[in-house]
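What follows is a set of notes on a single structure, which appears directly below.
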Amino acid sequence: MATSPRGGESRDALESTDGTGEIGDPASAVTVELISRPVPTIEPAIVHIVPGGTVEWFGTGIRNAVAAYHPETHGPRRIPDAAEPWVSEMLYEEQTDAMTLETEGVYDYADTVVLCGTHESFGAIGRVVGGDPDLDAEPALQADPAALPGRAEAVARDFNDRCRAVL
């Protein structure tokens with residue numbers, strides 16, 4: 001289950017203090033930047049958190065919004081079966097939104113903003129790995145990346161390769 005603590009915690013309070021948040025070194029909290037210009041990007045694109053860890057999305061551009069890949073929110077299911085989908089608020093320059101992810105698993109999401117094209121089609125997608133999931137049982141790795149638009153397909157394939165190499 002995902003919960004959304006909007007406000008309350010500052011960006012500094014969510015900085016990682018245990019693991020680095022890189023694949024294989026989970027952290028209790030990480031910050032992900034949503035970049036609009038010159039090309040929509042999510043940085044870091046893959047983060048690894050402990051079960052119950054928090055991901056904070058930090059807007060650094062004109063506007064961004066993230067949504068879990070799920071039929072109720074955006075596109076095909078690419079989050080754990082037991083997890084609740086989420087959609088962030090619109091994030092403008094230096095605004096944040098955060099989610100605490102209670103269910104172990106792999107969560108894929110997209111920047112769903114549409115300007116001259118969708119940020120997603122430019123490859124602005126991200127992945128959160130929660131805990132130590134069985135990758136073969138995860139919808140994010142079972143789903144066909146070809147169902148994603150534009151550059152998002154190649155990015156999802158890269159995510160799968162990078163996760164399998166470390167986990």
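If you read the sequence from its start, that first residue is 1, and numbering goes on from there. Just so it is clear, the structure is predicted and the values come from calculations on it, not from any experiment.
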Report the distance from atom [atom1] of [X] to atom [atom2] of [Y], rounding to the nearest 0.5 Å.
X    : Y    : atom1 : atom2 : result
L141 : F159 : CG    : CZ    : 11.0 Å
E93  : S36  : CD    : OG    : 8.0 Å
I62  : M90  : CD1   : CE    : 11.5 Å
S88  : Q95  : OG    : CD    : 10.0 Å
L135 : N160 : CG    : CG    : 8.5 Å

| query | Going through the distances and angles, do V128 and L101 end up as a side-chain contact (heavy atoms from CB on, under 4.5 Å)? | reply | CA-CA 9 Å; V128 178; L101 303 173; 3.6 Å; yes
Would the distance check show the side chain of [X] and the main-chain N or O of [Y] forming a donor-acceptor pair, the cut-off being under 3.5 Å?
X    : Y    : result
H48  : G131 : yes
T112 : A110 : no
R78  : A140 : yes
D25  : G19  : no
D97  : E89  : yes

Provide the closest heavy-atom pair for [X] versus [Y] in the form atom of the first, atom of the second, distance.
X    : Y    : value
D81  : P139 : OD1-CG, 3.7 Å
T73  : V87  : CG2-CG2, 3.5 Å
A68  : I79  : CB-CG2, 4.0 Å
E104 : G130 : CG-O, 3.0 Å
A98  : T54  : CB-CG2, 4.1 Å
T118 : V114 : CG2-CG2, 3.5 Å

| Going only through I, L, V, M, F, W and Y residues with side-chain contacts under 4.5 Å, is there a path from V30 to I46? |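 No, separate clusters.
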| query | If you group Ile, Leu, Val, Met, Phe, Trp and Tyr by side-chain heavy-atom gaps below 4.5 Å, do V55 and V50 land in one group? | reply |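 Not linked; separate clusters.
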| Stepwise, does the side-chain contact (heavy atoms from CB on, under 4.5 Å) test hold for R151 with F122? | CA-CA 5 Å; R151 181 146 161 58; F122 286 107; 5.7 Å; no
| query | Can W57 and L91 be said to form a side-chain contact (heavy atoms from CB on, under 4.5 Å), step by step? | reply | CA-CA 8 Å; W57 289 277; L91 301 175; 4.0 Å; yes
| Side-chain ion pair, D136 and R164, N-O less than 4.0 Å |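 Counted as a salt bridge, because a side-chain N and a carboxylate O are separated by less than 4.0 Å.
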| query | Are D158 and R162 within salt-bridge range, i.e. N to O under 4.0 Å? | reply |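 Salt bridge between D158 and R162, a charged N being under 4.0 Å from a carboxylate O: yes.
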For a 4.5 angstrom cut-off between non-hydrogen side-chain atoms, does [X] reach [Y]?
X   : Y    : value
I42 : I35  : no
V66 : L34  : yes
I49 : V129 : no

Return yes if a side-chain donor-acceptor contact under 3.5 Å exists between [X] and [Y], otherwise no.
X   : Y    : value
W86 : Y107 : no
Y69 : E120 : yes
T31 : E56  : yes

| said: Consider side chain to side chain contact (heavy atoms under 4.5 Å, CB included). Of R77, H74, E72, which one does P85 pass it with? | reply: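 Output: one option passes, namely E72.
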| E138 vs Q142, side-chain contact (heavy atoms from CB on, under 4.5 Å): CA-CA, chis, key distance, verdict | CA-CA 6 Å; E138 290 299 316; Q142 293 173 343; 6.0 Å; no
